[in-house]
**Student:** 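This is the structure I have questions about; it appears just below.
Below, all heavy atoms of this structure are taken into account, side chains as well, without hydrogens, waters or symmetry copies.
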Amino acid sequence: MNQDPCVVVAVFRGRPGREQALAAALRQMCIPSRDEPGCINYDLHASAIDPGEFFFHETWASADDHRVHLDSPHVRHLLTITPDMLREPIQEFKGTRVAA
């Protein structure tokens, strides 16, 4: 079965005073995530408007590959260390490309 790539944008908004710790924790996600099967791209960005806001732009070969990523040790670790760094829950957008 041919699946479309799964595109994900995950937004993290840092608690005042915890922005640098959050940025450091998020940077640690890039290398192990890029090494996962099905990862096409996994890029961390900082907001141009809010210095405490960061987001991942991810593309996975399939939604199944993304589900496996969410259960990886590095994602589970991130979810245990970041709650006190966030001013609100992680916001995640998932979809497929509509037009090139």
**Student:** For the residue pair Phe54 and Ala23, what are the closest heavy atoms and their distance?
**Tutor:**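 Looking at all heavy atoms of both residues, the closest pair is CZ-CB, 3.6 Å.
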
**Student:** Residues two or more places apart in sequence or in another chain: which of them pass side chain to side chain donor-acceptor pair (under 3.5 Å) with Asp50?
**Tutor:**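 Partners of Asp50 by the side chain to side chain donor-acceptor pair (under 3.5 Å) criterion, ordered by chain and then number, come out as Arg87.
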
**Student:** Is there side-chain contact between Leu78 and Leu26, with heavy atoms separated by less than 4.5 Å?
**Tutor:**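 With C-beta onward as the side chain, the pair touches.
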
**Student:** Enumerate the ring pair (Phe, Tyr, Trp, His ring centres under 6.0 Å) contacts for residues 4-27, please, sequence neighbours excluded, ordered by first and then second residue.
**Tutor:**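 Sorted pair list: Phe12-Phe56.
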
**Student:** Got a sec, which pairs hit salt bridge (Lys or Arg N to Asp or Glu O under 4.0 Å) with one end in residues 60-70, sequence neighbours left out?
**Tutor:**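 Passing the test, one end in residues 60-70: Asp64-Arg67.
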
**Student:** Taking the side chain as everything from C-beta on, heavy atoms only, tell me whether Glu58 gets closer than 4.5 Å to Cys39.
**Tutor:**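 Glu58 vs Cys39: side chains apart.
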
**Student:** Is any side-chain N of the basic residue among Arg15 and Asp84 closer than 4.0 Å to the acidic one's carboxylate O?
**Tutor:**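 Answer for the salt bridge query: no.
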
**Student:** Do you know which two heavy atoms are closest between Cys30 and Tyr42, and how far apart they sit?
**Tutor:**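 Here Cys30 and Tyr42 meet closest at CA-CD2, 3.9 Å.
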
**Student:** Where is the tightest heavy-atom contact between Ala25 and Ile81, given as atom of each residue plus distance?
**Tutor:**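 Here Ala25 and Ile81 meet closest at CB-CD1, 4.0 Å.
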
**Student:** Which pairs, with at least one residue in residues 91-100 and sequence neighbours excluded, count as a side chain to side chain donor-acceptor pair (under 3.5 Å)?
**Tutor:**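 Qualifying pairs, neighbours excluded: Arg13-Gln91.
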
**Student:** Distance-only, no hydrogens or angles: does the Glu53 side chain make a donor-acceptor pair with backbone N or O of Pro51 under 3.5 Å?
**Tutor:**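 Pair absent, no side-chain N/O of Glu53 close to backbone of Pro51.
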
**Student:** Quick one: do Ile90 and Leu79 satisfy side chain to side chain contact (heavy atoms under 4.5 Å, CB included)? Show the steps, please.
**Tutor:** CA-CA 10 Å; Ile90 300 164; Leu79 295 176; 3.7 Å; yes

**Student:** Sequence neighbours left out, what pairs pass salt bridge (Lys or Arg N to Asp or Glu O under 4.0 Å) with at least one residue falling in residues 31-46?
**Tutor:**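 Qualifying pairs: Arg34-Asp43.
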
**Student:** Do other residues, nucleotides or ligands put more than 12 heavy atoms under 6.0 Å from the NE2 atom of His77?
**Tutor:**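 It does not: His77 NE2 has 12 such atoms or fewer within range.
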
**Student:** Establish whether Leu44 and Leu86 are linked, either directly or via other cluster members, by ILVMFWY side-chain heavy-atom contacts under 4.5 Å.
**Tutor:**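 Yes.
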
**Student:** Given side chains that start at C-beta, do those of Trp60 and Pro5 come closer than 4.5 Å, heavy atoms only?
**Tutor:**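 Of all side-chain heavy-atom pairs linking Pro5 with Trp60, none is under 4.5 Å.
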
**Student:** In the hydrophobic cluster built from side-chain contacts under 4.5 Å, what are the other members alongside Val11?
**Tutor:**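 ILVMFWY cluster around Val11 also holds Val9, Phe55, Phe93.
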
**Student:** For Val75 and Leu70, which heavy atoms make the closest approach, and how far apart are they?
**Tutor:**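 So the two residues come closest at CG1-O, 3.4 Å.
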
**Student:** Tell me, with the steps shown, if Met29 and His74 meet side chain to side chain contact (heavy atoms under 4.5 Å, CB included).
**Tutor:** CA-CA 7 Å; Met29 295 294 295; His74 48 279; 3.7 Å; yes

**Student:** Any heavy-atom pair between the side chains of His57 and Val8 that's under 4.5 Å?
**Tutor:**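 Not in contact.
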
